[in-house]
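Since the structure comes first, as C-alpha cells, the remarks are kept for the end.
Worth saying up front: this structure is predicted, and the values here are computed from it rather than measured. All values below come from the heavy atoms of this structure, side chains included, with hydrogens, waters and symmetry mates left out. Chain identifiers are assigned alphabetically (A, B, ...) following the order of the sequence lines, protein sequences preceding nucleic acid strands; residue numbering begins at 1 within each chain.
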Protein chains: 2
Amino acid sequence: MPAHRTPAGSARDRILETAFRLFYAHGPRGVGVDTVIAESGVAKATLYKHFPRKDDLVLAYLDRVDQAWFGALRAAARDAGDEPRDQLVGMFDALASACRRDGYHGCAFINTAAESPAGGPVHARTVEHKTVVRAWVTELARQAGAADPELLARQLTLLLDGGLAGGVLDGDPVIADAARRSARTLVDAALR
Amino acid sequence: MPAHRTPAGSARDRILETAFRLFYAHGPRGVGVDTVIAESGVAKATLYKHFPRKDDLVLAYLDRVDQAWFGALRAAARDAGDEPRDQLVGMFDALASACRRDGYHGCAFINTAAESPAGGPVHARTVEHKTVVRAWVTELARQAGAADPELLARQLTLLLDGGLAGGVLDGDPVIADAARRSARTLVDAALR
DNA sequence: GCGGCAGCAGACGGAACTGTCTGTAGAATT
DNA sequence: AATTCTACAGACAGTTCCGTCTGCTGCCGC
C-alpha cells in the first residue's frame, strides 16, 4: 500500500476529495460519475475498482462527512470549557462556524437522504450517524446532571438538525445564534 | 372552464394529485415525467400544455405543500385555544400529526431544495414559504407579549424545521414530543 | 352542422448517466 | 529482465429521462 502516488495523493484520495466537494455542492444525484472522473483526473476503471458502485462512493462520502462534523462538534464542546453544561451549549459554535463557511449548504446527511430511496443504505448510514451523535450528547447531558438526559439530548439535536436543515437555503448566522440561545435556555431549564 | 371532466376531476387536477403523491414519496428528481403521465392516466401533450417544464410542475407541487402545511399549522394553533402563548405551543401538534401520518417523509420543501440547484426557483419558493410561516409566528409571538418576537419566532421555526428534517428518516413521534416540550420551555422563558 | 378545444396515444430525437471493456504506460517486485 | 500491480485513456452498450411532434377522438358553443 505504500508508494505509487500520483501527483497529489493516491488516486483513491483524489477521488474522495473530489467527490466530497462535488457531492456536497450539488448532491450526489446531481453529479455524474464522469464529472468526478474528469475533475479528479482519474481513469474510469480506477474509480470503479475502488468503488464498484456509485453508492459505495456516496457512502464513503458520508463517512467523511461524519468524521468532519462529529469532530467539529466535539472540538467546539471541548473549547467551551470543562463543565458539561457549558459544553452542551458550546457545541453550537460548530454550527455557527459551519454557517459562516463558504459554500455551506446544510446537512450533507439530510440532503443526501432526501434524494435516496427510503429503505436503502444511505438512510441506514444517516440514522447511524444521528444516533451516534445523540448518544454522545446524551452522555454529556448525563454528566451535566440532567434529570432526563435522553430528552435534553433529543431537544438539543433537534435544534442542531433544524439549524443544519435551514442551511440548505442560506447560511444565515442568525440561525446559529438563535439555536445557541435556545440551547442555553433548554439546558438551564433542564438543570434547574 | 366548466364541464369536460374526465373520470376523476380535470386532467390538471389529476396531474397535480399524482405529482404530489409521487414527488413527496421519492423526491421530484426521483420521479420521471413518464411515470407521472402513466399514473395519472394523462397524455404527455396534456401535461406539457399545463406545465411547459418539469420545473413548473415542481413549483405547483410546492405551492400545494405550502397550502397544506401552513393550513395545518394554523389549524393546530387555532385548536390550542385563544391565548397566543398557547397557540405558539399548540402549532407543534401539526408536527405530531404529520409524524403519525402514513408515508411521512419530512419537509417537502427542504427535501426538494436539497436536490435543486442553489440559485434556482425552487430555492426562492422555499425561502418564500419559510419567510411567510416565520412572519406568522412572529406576529403570534408579538401578540403573546414576547420581548423579542423575532427571536422567539426564529427559535420556534428552528424547532419545526428540525422536527421536519428528521422526518426524512423516520416519523418518530418522540421527536414531535421533544419539539413541543422545547417550545413550551422557550415560550415560558420568553414571556417571563 | 361545424370549427375549435381539450384530451388521449405513442413515436421520436437528443442528452445524460451508469457500468464494462480494451489497450497502454510506468513503477515495483522478484 | 520479466512479471505484476496500479493507473490512465477512451470507446461502448444499455438505460433513463426530458421535451416535441404527429395523429386521432369526443364535446362544446356558434
Send over the distance from [X] [atom1] to [N] [atom2], rounded to a whole Å.
X: B/Phe51; N: D/dC18; atom1: CZ; atom2: P; result: 15 Å
X: B/Asp56; N: D/dC18; atom1: CG; atom2: P; result: 13 Å
X: B/Leu57; N: D/dC17; atom1: CG; atom2: C1'; result: 15 Å

Requested in this report: By nearest nucleotide on DNA chain D, pick out whichever of A/Val42 and B/Gly32 is the more 5' one.
Outcome: A/Val42
Report task. Name the nucleic acid region contacted by B/Val31, choosing base, sugar-phosphate or nothing; use a 4.0 angstrom heavy-atom cut-off, strictly under. Result -> sugar-phosphate
Query raised in the report: Any donor-acceptor pair under 3.5 Å joining the side chain of B/Lys44 to the base of D/dG19?
Result: yes
Query raised in the report: Donor-acceptor pair, B/Tyr24 side chain versus B/Gly106 backbone, under 3.5 Å?
Result: yes
**Report entry** Pairs meeting criterion side chain to side chain donor-acceptor pair (under 3.5 Å) with involvement of residues 38-49 of chain B, two or more places apart
**Finding:** B/Arg21-B/Glu39, B/Asp34-B/Lys44
Give a yes/no on whether any side-chain N or O of [X] is located under 4.0 angstrom from OP1 or OP2 of [N].
X: A/Arg14; N: D/dC8; result: yes
X: A/Arg53; N: C/dG19; result: yes
X: B/His50; N: C/dA6; result: no
X: B/Thr46; N: C/dC8; result: yes

Query raised in the report: What's the closest nucleotide to the A/Lys54 side chain, out of D/dA7, C/dT18, D/dG19?
Result: C/dT18
Query raised in the report: Is the closest basic N to carboxylate O distance between A/Glu17 and A/Arg14 below 4.0 Å?
Result: no
Requested in this report: Give me the ring orientation class for A/Phe109 and A/His129: parallel if the planes are under 30° apart, tilted from 30 to 60°, perpendicular past 60°.
Outcome: parallel
